[in-house]
Amino acid sequence: MQSFEEQNYYEMLDLTTSASPFDIRHAYKTALQIYGDDAPASYSFFSRDERAGILANLERAFLTLISDQGRIEYDRSLITAGLMQENEQYRSAPKKPIPLFDLEETGNVTRMVFPHTEKAIIPPAEFPVIRDIMSKDSLTGQDLRCIRMELGISLEQIAEIIKVRRGLLTAIEEDRCEELPSMLHLKSFLKAYAECLRLDPDEVAARYLKQASGESQKAEES
Amino acid sequence: MNGEDSFTNNIWPIGGGKGGSGKTFLTGSLGLLLARQGLRTLLIDADLGAANLHTVIGAAHPGRSLSDFVNKKVESLEDAVTKTPVPNLYFISGAGDNLDVANLVHTQKMRLLRAISKLPYEYVLLDLGAGTSFNTIDFFLISNTGVFITTPEPTSIENVYRLIRSVYLRKIRQVLREEAFRELLQEAVMRSNGSSAKNPEDLLRILKDCDPVQGGLLEESLRDFRFKLVLNQLRKQDNHQIGPLICRICEKHLGLRVHFLGNILHDDRVHDAVCRKVSFLEKYPYTQTATDLREFCHRFLTDREENPPVGPSIEKTKAEILMTANC
């Protein structure tokens with residue numbers, strides 16, 4: 001147990017070194033409830049001089065920690081004395097909005113910056129693979145997936161931009177059109193998807209639907 | 001303590017420094033609640049010379065008493081135990097003591113303490129007297145446990161601090177050898193320019209300066225204490241946070257772990273029940289005070305094993321904000 005005077009300012013106020021200004025204010029208020037001149041909790045525990053010393057220390061601690069500059073300097077002195085680690089310092093971070101979609105699902109935590117990536121700026125037609133696929137007159141889900149992979153865009157990124165569930169996009173890519181609510185939905189999803197890949201939306205939708213209807217006819221015949 | 005520790009954990013001295021803070025009432029109530037849960041509980045009226053626990057638990061004329069053991073009228077302490085109307089609740093009375101029982105000589109006291117630590121009960125509650133005489137404090141040192149009682153009044157808080165510090169000082173004395181203790185006192189007097197050292201925590205600090213090994217050992221043994229604090233007779237207008245704050249001061253400035261077990265609301269019906277010589281918990285089971293007592297008993301039982309730090313915790317302060325916001 002250290003005596004009160006030997007403690008550092010954080011210990012005096014019962015704070016961690018990463019405490020926010022809000023915590024500091026609150027801790028100081030609590031400390032005054034304990035050590036204040038009329039505080040019943042510490043009645044008779046300290047002599048008058050001890051109490052005055054403690055209050056002076058607390059005030060110094062509070063005033064140092066609550067001022068930004070003072071705190072930085074004090075932290076630096078603690079770090080040089082080896083009493084505190086560099087990474088334990090308080091950093092005021094403005095709050096960020098919570099992401100709408102859970103990117104953790106695939107472990108892909110990089111934030112969406114599409115379509116400003118290097119690769120996407122190049123027109124898709126420049127890629128030989130994509131050119132080959134687009135020269136066919138019908139498109140399967142597998143083709144769409146190939147194009148997307150070639151461009152290096154994840155399904156989650158598309159899902160976040162066009163606000164369509166990943167499951168539905170997977171269904172499109174795997175030609176399971178019956179899982180989509182209606183043909184109208186399918187068409188609009190396809191257009192949005194194509195736009196994301198910088199392909200001609202009408203063209204892609206038409207070719208995909210042609211292929212899909214061919215599939216379903218075949219299924220009916222058999 | 002040598003090999004007799006198997007029962008010592010269950011001995012709970014209950015003291016509070018100031019008279020009238022509710023030590024006897026709380027001992028009686030806690031004993032009743034523990035017994036109701038099926039725990040074999042023994043109450044000992046250790047308020048030597050001013051015993052009155054028998055009145056609170058409604059056993060006005062117990063046949064035997066503690067002084068029978070002290071004066072060797074009965075062979076073992078077990079023979080001085082009286083049954084109470086409550087199943088599982090047993091009692092060693094101090095009623096009908098000799099008038100000089102308060103001045104126990106050292107050998108008698110040691111014999112009594114040894115006998116108490118061997119009693120085969122699940123819980124042994126010791127109702128201690130007011131004041132900070134050696135007789136009271138030595139009961140705290142049989143087991144490393146204890147319940148302190150205070151009311152929110154400054155007089156009572158003052159006395160409870162005094163009691164805690166006295167126990168602290170007595171422990172230092174117990175751990176150090178006689179001459180080492182005298183040297184320590186001399187050193188303290190020298191350092192503070194002639195005025196004698198007032199606080200035991202200063203003594204510990206000086207000891208750590210002079211002899212770090214011994215000081216460390218002593219600090220360890222002080223950390224072994226598992227004290228509890230109850231705030232009794234709290235009026236509605238009082239500050240409900242006083243108890244936790246007292247615990248924090250003890251933790252921070254004395255290095256003693258004191259756990260807060262809750263507030264117990266003041267109720268005039270307690271006075272009523274004591275006057276009628278009936279158990280408050282049985283007569284008024286649906287009052288806030290009775291609920292507080294049951295809650296206190298529950299925490300007393302569950303809080304026993306683990307030791308979360310009383311001191312700094314942001315969660316706690318946030319909880320405090322919420323509490324004050326809700327009030």
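Side chains included, hydrogens not; waters and symmetry mates left out as well; all remaining heavy atoms used. A, B, ... follow the sequence lines: proteins, then strands. Residue 1 opens every chain.
- In B/D224, the CG atom is crowded: over 12 heavy atoms of neighbouring residues, nucleotides or ligands sit closer than 6.0 Å.
- Of all the heavy atoms in A/S44 and B/R165, the pair that sits closest is O-NH1, 4.4 Å.
- For A/R25, the CZ atom counts as loosely surrounded, since its 6.0 Å shell holds 12 or fewer non-hydrogen atoms of other residues, nucleotides or ligands.
- For A/E178, the CD atom counts as densely surrounded, since its 6.0 Å shell holds more than 12 non-hydrogen atoms of other residues, nucleotides or ligands.
- If you measure heavy-atom distances from A/E11 to chain B, the contacts under 4.5 Å come from the backbone alone.
- Between atom CZ of residue B/R248 and atom OG1 of residue A/T30 there is a gap of 6.0 Å, rounded to the nearest 0.5 Å.
- Heavy atoms from other residues, nucleotides or ligands lying under 6.0 Å from CZ of A/R51 number more than 12.
- Ranked by heavy-atom pairs under 4.5 Å with chain B, the list A/P40, A/S42, A/A39, A/A41 is led by A/A41.
- Within 6.0 Å of CD in B/E295 there are more than 12 heavy atoms belonging to other residues, nucleotides or ligands.
- Under the salt bridge (Lys or Arg N to Asp or Glu O under 4.0 Å) criterion, A/D202 pairs with A/K191, not counting sequence neighbours.
- Note that the NZ atom of B/K252 and the OH atom of A/Y35 stand 5.0 Å from one another [nearest 0.5 Å].
- A side-chain contact (heavy atoms from CB on, under 4.5 Å) with A/I34 is found for exactly one of B/I246, B/I242, B/I249, namely B/I249.
- The aromatic rings of A/F45 and B/Y161 lie perpendicular to each other, with more than 60° between the two planes, well past the 30° mark.
- Per-residue heavy-atom pair counts under 4.5 Å with chain A were compared for B/G243, B/P152, B/P154, and the maximum is reached by B/P154.
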